[in-house]
Structures are given as structure tokens and as C-alpha cells.
Asks: 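Following this message is one structure expressed as C-alpha cells.
Lettering follows sequence order; numbering is per chain, from 1.
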2 protein chains.
Amino acid sequence: MPPTQRRQPKQARSRELVDRILVAAGELFAGRGYPFVTTNHIAEHAGVSVGSLYQFFADKEEILAALQDAWTARLGAELDLRLRVDADTDLAETVEAVLDLHAELNRQPPGLLGFLLISTFGKQDSNGVVAAIHERLLDLLASRAPHVSPHRRHVIASMLVHITNGLYSVGLTAGATDPAVRGEVRAALLGYLNQVLAE
Amino acid sequence: MPPTQRRQPKQARSRELVDRILVAAGELFAGRGYPFVTTNHIAEHAGVSVGSLYQFFADKEEILAALQDAWTARLGAELDLRLRVDADTDLAETVEAVLDLHAELNRQPPGLLGFLLISTFGKQDSNGVVAAIHERLLDLLASRAPHVSPHRRHVIASMLVHITNGLYSVGLTAGATDPAVRGEVRAALLGYLNQVLAE
DNA sequence: GTATTATCCGAGCTTTAGCTCGCGTTTCTC
DNA sequence: GAGAAACGCGAGCTAAAGCTCGGATAATAC
């Protein structure tokens with residue numbers, strides 16, 4: 001059965017508490033990986049008791065889900081701002097905007113964006129964060145590459161997400177904040193896109 | 001302290017038992033992800049008792065390490081055969097050979113290669129499987145792109161590994177054995193490589 | 001001020017993953 | 001064939017993760 005429904009925060013202090021929990025959880029998930037983070041870790045790192053944590057979250061998974069929801073909304077909004085679908089804007093410019101966005105979002109709960117994008121941990125969880133990006137890319141491809149079959153557009157969108165994720169997974173092996181990594185990801189995206197769009 | 005040393009198999013039956021454990025572990029790791037697989041699962045799936053399992057493996061991590069070692073050796077040998085460094089062989093041909101190799105290796109303990117390549121689970125484990133590929137790619141880049149700085153060659157090699165991993169992580173979202181995925185990975189590799197080598 | 005509701009706390013209960021241990025069985029050695 | 005070594009087994013021990021519960025405190029309602 002699904003876990004019992006929890007209380008919704010009604011006062012300012014409890015809303016702050018929930019926020020602190022989400023921030024703490026984000027940092028820990030990004031740092032150690034979801035399976036290696038305990039709810040006691042989260043509570044301690046947030047300066048909150050486990051009891052309080054479980055007043056607002058039914059289980060550990062729900063904390064992750066809340067994080068994903070928040071970031072899905074945030075990413076979707078940001079992408080709508082920056083991924084203008086005008087067929088005449090320069091491709092390199094669009095790519096640059098996306099890389100900027102990633103750099104920016106990956107700053108504050110550090111590494112969390114990368115974690116949310118990369119982690120699937122075995123289950124094919126309907127990853128809303130990835131889906132948000134995927135959806136926008138499909139729109140973009142529909143206007144830029146209308147001759148490509150819809151099915152292939154899906155695959156291409158997945159590839160684009162994956163290559164961009166190189167920012168994080170390659171960053172792990174090559175030094176996390178290496179600007180050279182960003183350069184290579186840009187090169188890979190442009191090289192691939194040019195080849196696809198030129199067909 | 002490190003876990004106590006275990007017995008080495010000395011009879012045929014125990015060697016078979018170890019093999020069965022490794023195969024079972026590989027399938028389960030690939031299917032559910034390392035953290036979600038218990039040693040009891042492995043033993044059960046291998047048709048072996050937990051006790052027997054722990055006669056040859058000190059802990060769960062050692063099972064993973066044994067798998068990685070075996071695949072590191074296997075991949076290294078295969079790559080040495082196929083990744084000829086002659087600067088005159090066609091690039092597309094080399095890429096094709098690598099994609100063939102991946103398809104072939106990913107067949108028997110299904111999905112295990114993808115798992116070994118992708119999984120880092122938080123810790124920056126010195127992933128020998130990836131290192132084996134990385135090393136060969138560095139050689140190849142040294143002969144093909146001698147004008148590129150060594151540091152950048154490292155980053156490029158990481159990107160190549162990452163893009164190739166798209167075979168697995170994109171395959172998860174786009175239908176596991178979709179041949180279109182292979183086509184896109186090839187396009188991405190060639191598009192990126194051409195751009196890098198043309199500079 | 002009092003009653004009511006929301007909040008917070010953390011010791012400790014429950015479950016389960018990782019792993020051990022002693023005994024029975026098979027194979028090897030001579 | 002007898003003794004020794006290697007092997008196989010699975011009930012159950014230990015530690016730790018997930019989570020609960022009852023009581024104390026703070027905010028809100030009237």
C-alpha cells in the first residue's frame with residue numbers, strides 16, 4: 001500500500017523546515033548518491049529531527065520526488081525562456097544558452113542538477129526532470145528538422161540530453177569544474193546537430 | 001580493516017560455483033542496480049547458498065570487483081584487436097568496429113557492459129572497465145591528433161566514452177535494443193570526431 | 001487568558017541487508 | 001578403504017536503516 005498521507009505545512013516555520021530538508025537532501029543526494037543517504041543523515045544535516053522530517057514526508061522516496069518536482073518546474077520555466085524555437089536563431093547561440101543555464105542551475109545546491117539528470121538507479125523512473133528537457137527539444141526539432149521522422153526525433157532528443165549530461169559525468173572523471181569539459185560538450189553538441197540537420 | 005582473505009577454489013565444482021555466482025550477480029546488478037541487489041538475491045539466483053558465496057567472496061563489493069576485473073581484461077583484449085592505431089584506416093570503420101564490439105559484449109550477461117560503464121554510484125571508483133577504454137582512446141588520439149594538448153586529449157577521450165555510453169543510457173529511454181540508437185550514437189561520434197580532428 | 005491546533009523532538013521499535021558458524025557431504029590422497 | 005582436505009549448506013547473529021509515537025513547546029483562535 002502507498003504510505004500514509006502526511007500533514008501539509010501551515011505555518012511559516014514548518015515551511016522553512018521543509019525547505020531546509022529539501023536543500024539538505026539535495027546536497028547529500030548529489031554528494032553520496034541516493035541509496036547511500038539515510039533519512040537520519042538528512043535530518044541531521046538540515047538541523048532537524050527525524051520525527052519532524054517524517055511529519056511532512058512519508059518516506060525517503062517522497063523527498064526525492066519533491067526535489068524532482070521542484071526542479072522539473074524550474075527547469076521547464078527556464079528552458080521556455082531560453083530555448084526560443086525561432087528557426088532563424090543561430091544554433092551555436094542556442095547551445096550556448098543551454099550550457100549557461102546548466103552552469104547556473106548547478107551552482108546553488110551544488111551538483112544536484114547533475115544528480116537528477118544522471119541518476120536512474122536501475123528503475124526506469126519516469127524522470128520528470130529529463131522529460132522536461134526532452135519535451136522542449138522535441139519542439140525545437142520539430143521546427144528545425146521537420147523532415148526527420150517523429151520516432152527518430154525522439155531518439156535524437158535523448159541523445160542531446162545524454163551528450164549534455166556529459167557535463168556532469170565527464171566532469172567527474174576530468175575534474176568537476178573544468179571549463180575544457182564545457183568546451184567539449186559544446187563541440188559534441190554542435191558536431192552532432194550539424195550532422196543531423198544537414199541531412 | 002580489509003575483509004579477511006577467502007579460500008581460492010581448488011576443485012572444478014567450486015570454480016563452476018564461482019562462475020555461476022558471477023553470472024547471476026552480473027545479471028542482477030545490470031537489472032536492478034548494485035545497491036538494490038542483496039547477497040541473498042545473488043545466491044538464490046545462482047542456485048547456491050549464501051554460505052558458499054561467502055567462502056569465495058569476502059563481501060558484496062568484492063563480487064563487483066571480480067566482475068570489473070574480468071571485464072576489464074576482456075574489453076582490453078578485444079579493443080587491442082579492433083582499435084588498430086594506423087593513422088590511415090578510415091575513422092568510420094573504426095567507429096563501426098567499436099559499435100560491433102559493444103553489441104557483441106552486451107549480449108551474454110545482458111546489460112552488464114552498460115551497467116559497468118555507467119555506474120559510478122557516488123564514489124569515484126577507479127573504474128577499470130572505463131579506464132581500459134580510455135587508455136586505448138588516448139593512444140588513438142595521440143596518433144590521430146598529435147597537435148592537441150595532452151590534457152584536452154584526456155577530456156576528449158572521456159567524451160568519446162560518454163557518447164558511446166549513450167548506447168545504454170539512451171537505449172533505456174528509447175527502447176533497449178532500438179537499432180536507431182546505434183545509428184545516432186554513430187552519428188554523434190563521427191560528428192564530434194570530425195570536428196575535433198579537423199581543427 | 002484559555003483552548004485548540006500546529007509543530008518539533010529524539011529515544012527506540014521494526015525490519016532487513018550483510019555476513020558467520022558449525023555441521024554434513026563430496027572429492028582427493030595414499 | 002581411511003583419513004584429510006575441500007566444499008556446500010542455511011538458520012540465525014549483528015548492525016544499521018527506515019520509521020513511529022507520545023510528550024513537550026510554540027503559534028493561533030476566541
Asks: Hey, does the side chain of B:Arg15 come within less than 4.0 Å of D:dA6's phosphate (OP1/OP2), counting only N and O?
Replies: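 Answer is no, no contact under 4.0 Å.
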
Asks: What residues, two or more places apart in sequence or in another chain, satisfy salt bridge (Lys or Arg N to Asp or Glu O under 4.0 Å) together with A:Arg152?
Replies: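 Checked A:Arg152 against salt bridge (Lys or Arg N to Asp or Glu O under 4.0 Å); matches are A:Glu199, B:Glu184.
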
Asks: Starting at the 5' end of DNA chain D and moving along, which residue's nearest nucleotide shows up first, A:Ser52 or A:Val37?
Replies: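 Comparing both residues, the 5'-ward one is A:Val37.
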
Asks: In terms of side-chain heavy atoms of B:Ser49, which of D:dG18, D:dG10, C:dC19 is nearest?
Replies: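 The answer is D:dG10, which lies nearest to the side chain.
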
Asks: Report yes or no: does A:Asn127 contribute a side-chain atom to a donor-acceptor pair with the main-chain N or O of A:Leu116 at less than 3.5 Å?
Replies: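 Checked: pair present.
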
Asks: Output the rounded distance in Å from NZ (A:Lys10) to P (C:dC8).
Replies: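 A:Lys10 atom NZ is separated from C:dC8 atom P by 14 Å.
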
Asks: So which nucleotide from D:dG8, C:dC19, D:dA6 ends up closest to the side chain of B:Val50?
Replies: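 The closest nucleotide is C:dC19.
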
Asks: By the 4.0 Å heavy-atom rule, please label A:Leu53 as base, sugar-phosphate, or nothing.
Replies: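 The answer is nothing, as A:Leu53 stays clear of every strand by at least 4.0 Å.
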
Asks: Indicate the ring-plane relationship of A:Phe115 and A:Phe29, choosing parallel, tilted or perpendicular according to the 30° and 60° boundaries.
Replies: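 Rings of A:Phe115 and A:Phe29: tilted, as their planes differ by 30° to 60°.
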
Asks: Round to the nearest Å and state the distance from A:Glu16 atom CD to C:dT7 atom C1'.
Replies: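 A:Glu16 atom CD is separated from C:dT7 atom C1' by 13 Å.
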
Asks: Applying ring pair (Phe, Tyr, Trp, His ring centres under 6.0 Å), can you list everything that pairs with A:Tyr168, at least two apart in sequence or on another chain?
Replies: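 With neighbours one apart ignored, the set is A:His102.
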
Asks: Could you write nucleotides 24-30 of chain D as a row of B, S and -, 5' to 3', where a protein heavy atom under 4.0 Å of any base atom gives B, of only sugar-phosphate atoms gives S, and otherwise -?
Replies: --SSS--

Asks: Closest approach to the side chain of B:Phe56, judged atom by atom: which nucleotide of D:dC7, C:dT20, D:dG18 is it?
Replies: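 Nearest listed nucleotide: D:dC7.
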
Asks: Give a yes/no on whether any side-chain N or O of A:Ser14 is located under 4.0 angstrom from OP1 or OP2 of C:dT7.
Replies: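 True: A:Ser14 side-chain N/O within range (under 4.0 Å) of C:dT7 OP1/OP2.
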
Asks: Check B:Glu78 with B:Arg74, please: is the shortest side-chain N to carboxylate O separation under 4.0 Å?
Replies: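 No, this pair does not count.
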
Asks: I'd like to know if B:Glu96 pairs up with B:Arg182 as an ion pair, taking the criterion as any Lys NZ or Arg NE/NH1/NH2 lying under 4.0 Å from an Asp or Glu carboxylate oxygen.
Replies: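 Looking at B:Glu96 and B:Arg182, the cut-off is met.
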
Asks: With nearest nucleotides of DNA chain C determined for B:His41 and A:Val48 from heavy-atom distances, which residue corresponds to the more 5′ nucleotide?
Replies: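 This one resolves to A:Val48.
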
Asks: Ignoring backbone atoms, establish whether B:Thr39 has a side-chain N or O less than 4.0 Å from OP1 or OP2 of C:dA17.
Replies: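 The answer is no; no side-chain N or O of B:Thr39 sits under 4.0 Å from OP1 or OP2.
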
Asks: Between B:Tyr54 and C:dC19, is there a side-chain N or O to OP1/OP2 distance below 4.0 Å?
Replies: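 Yes, because at least one side-chain N or O of B:Tyr54 sits under 4.0 Å from OP1 or OP2 of C:dC19.
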
Asks: Let me confirm one number: the CG-CD1 distance from B:Leu117 to B:Ile133, rounded to the nearest 0.5 Å.
Replies: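 One finds 5.0 Å between CG of B:Leu117 and CD1 of B:Ile133.
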
Asks: Starting from P on C:dC8, measure out to CG on A:Asp19 and report it in whole angstrom.
Replies: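 Between P of C:dC8 and CG of A:Asp19: 12 Å.
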
